[in-house]
Amino acid sequence: MSTSAKPFPSFRAPVRIIPQRTGLLRRRPQWLKRMFDVVFALLLAFVALPLGLLIAGAIVLESRGPVLFAHTRIGRRNRRFRLWKFRSMVSNADEVLQAYLDQHPGYALEWRLAHKLRNDPRVTRVGRFLRKTSLDELPQLWNVLRGEMSMVGPRPIVEEEVSKYGPFFALYSQVLPGLTGLWQVSGRNDTTYRERVELDSRYIRAWTAAVDLRVLLKTVRVVLLGPGAY
């Protein structure tokens with residue numbers, strides 16, 4: 001399958017991808033990518049374990065509730081799976097969100113468009129730090145080891161987002177979603193949803209192992225600087 005060469009959005013394009021005959025949908029490249037995922041996730045989990053324990057302690061000290069939070073996402077072949085994160089919100093997050101949107105109807109549109117709020121009242125102080133640094137996503141290494149996610153890929157979406165992907169959802173559902181990806185290193189929440197879908201789609205079509213490595217390296221910079229994270 002081939003694609004025409006189109007530049008990425010000029011507003012942010014830190015990773016240069018030259019579209020070519022994609023290998024991401026073929027069996028051998030998927031197997032090699034899976035082997036890389038397992039090795040990389042195991043090494044990273046070993047290094048990150050002490051940090052994870054510190055994060056867990058901070059969460060417990062600040063607010064009541066579980067350390068981890070699981071949410072249903074859509075993965076490869078349209079399968080649902082439980083995505084894990086460190087809890088960054090209050091335990092009664094749904095009630096707090098509904099009350100906030102009732103009191104501030106102007107933010108309801110922002111929520112409907114992106115399922116995100118820049119000033120989210122549900123997020124704790126520890127949670128803000130975790131989100132800013134993306135450390136809340138460390139538990140997703142477990143999802144990678146279970147084969148539900150890849151280290152690099154499209155961001156896993158929820159049921160309400162399927163319609164926003166439109167015809168591109170068929171492409172999205174053929175690959176494993178990623179812990180990080182082209183969207184995360186290309187502006188993240190500072191991009192529009194349409195630009196996010198475009199980035200995910202072009203990543204799938206133009207995938208190479210070299211692209212994955214560049215995305216992982218740029219993820220380190222994004223985690224340290226935190227652009228577009230909230």
Side-chain angles (χ1 to χ4, degrees), residues 8-18 24 29-30 32-52 54-55 68-69 71 73 75-76 81 83-86 88 114 116 123 126-157 172 175-193 195-230:
F8 281 96
S10 60
F11 67 107
R12 297 178 193 272
V15 179
R16 180 178 175 82
I17 293 181
I18 301 175
L24 189 54
Q30 287 181 358
L32 292 174
K33 184 174 171 68
R34 176 61 185 155
M35 293 302 100
F36 172 82
D37 284 342
V38 171
V39 172
F40 194 92
L42 284 173
L43 291 175
L44 188 56
F46 178 78
V47 172
L49 181 59
L51 178 59
L54 289 175
I55 292 172
L68 298 177
F69 169 79
H71 197 269
R73 301 296 175 99
R76 186 183 176 195
F81 70 96
L83 177 143
W84 292 94
K85 290 187 176 187
F86 281 119
S88 60
K116 291 271 189 178
V123 180
V126 170
R128 289 190 186 94
F129 172 77
L130 294 178
R131 288 184 169 208
K132 186 69 175 177
T133 57
S134 297
L135 291 174
D136 61 319
E137 305 199 8
L138 276 179
Q140 289 165 39
L141 291 171
W142 176 243
N143 291 117
V144 173
L145 291 172
R146 283 174 55 87
E148 298 163 332
M149 294 178 63
S150 176
M151 288 301 303
V152 182
R155 189 69 188 128
I157 63 176
Y172 163 89
V175 301
L176 290 174
L179 193 155
T180 187
L182 191 61
W183 169 69
Q184 288 90 328
V185 300
S186 301
R188 202 171 176 179
N189 293 317
D190 289 338
T191 65
T192 65
Y193 206 98
E195 289 163 339
R196 167 180 166 172
V197 173
E198 172 117 345
L199 289 167
D200 281 349
S201 301
R202 293 190 184 181
Y203 165 79
I204 295 169
R205 291 189 176 111
W207 176 86
T208 66
V211 167
D212 274 5
L213 290 174
R214 289 200 292 272
V215 168
L216 286 170
L217 289 174
K218 288 188 176 292
T219 297
V220 176
R221 180 180 66 83
V222 170
V223 167
L224 293 175
L225 299 179
Y230 55 86

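The chain is numbered in sequence order, starting from 1.
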* Structure fact -> One should read off an interatomic distance between Leu49 CG and Leu54 CG, to the nearest 0.5 angstrom, of 10.0 Å
* Applying the side-chain contact (heavy atoms from CB on, under 4.5 Å) test to Lys218, which of Val185, Thr180, Leu213 qualifies? -> Val185
* **Verdict with reasoning, Asp212 to Trp207, per side-chain hydrogen bond (donor to acceptor under 3.5 Å, both in side chains)** => CA-CA 8 Å; Asp212 274 5; Trp207 176 86; 3.0 Å; yes
* Side chains of Ile157 and Arg196 in contact at under 4.5 Å (non-hydrogen atoms) -> yes
* Asked: At their closest point, which heavy atom of Gly147 faces which heavy atom of Leu176, and how far apart are they?
  -> O-CD2, 3.4 Å
* Indicate yes or no: at least one non-hydrogen side-chain atom of Tyr203 is less than 4.5 angstrom from one of Ser186. => no
* Asked: Is the closest side-chain heavy-atom distance between Leu216 and Val220 below 4.5 Å?
  -> no
* How long is the span from the NZ atom in Lys85 to the CG atom in Leu130, to the nearest 0.5 Å? -> 10.5 Å
* By side-chain hydrogen bond (donor to acceptor under 3.5 Å, both in side chains) - contacts of Ser88 (at least two apart) -> Arg131
* Asked: Is Phe69 close to Asp136 at the side-chain level, that is, under 4.5 Å between some pair of heavy atoms?
  -> no
* **Any donor-acceptor N/O pair, Arg73 side chain to Leu83 backbone, under 3.5 Å** => no
* Does Asn143 use its side chain to pair, donor to acceptor, with the backbone of Trp84 at less than 3.5 Å? -> yes
* Which residues satisfy the side-chain hydrogen bond (donor to acceptor under 3.5 Å, both in side chains) test with Ser150, sequence neighbours excluded? -> Lys33, Asp37
* Asked: Under the side-chain hydrogen bond (donor to acceptor under 3.5 Å, both in side chains) test, which residues partner Arg155, sequence neighbours left out?
  -> Glu137, Gln140
* For Pro156 against Gly178, the heavy-atom pair lying closest together -> CD-O, 3.5 Å
* **For Arg146, all residues meeting side-chain hydrogen bond (donor to acceptor under 3.5 Å, both in side chains), sequence neighbours excluded** => Glu148
* To do: State the CD-OG1 distance between Glu198 and Thr192, to the nearest 0.5 angstrom.
  => 9.0 Å
* What are the two closest heavy atoms between Ile204 and Pro154, and how far apart are they? -> CD1-CG, 3.8 Å
* Structure fact -> So CD1 of Ile55 and CG of Leu138: to nearest 0.5 Å the spacing works out to 5.5 Å
* To do: Quick one: list whatever passes ring-ring contact (aromatic ring centres under 6.0 Å, His included) with Phe86, sequence neighbours left out.
  => none
* Work out which heavy atom in Leu199 is nearest to a heavy atom in Leu182; give both atom names and the distance. => O-CD2, 3.7 Å
* What distance do Leu141 atom CG and Met151 atom CE have between them, rounded to the nearest 0.5 Å? -> 6.0 Å
* Who are the ring-ring contact (aromatic ring centres under 6.0 Å, His included) partners of Phe40, not counting sequence neighbours? -> Phe36
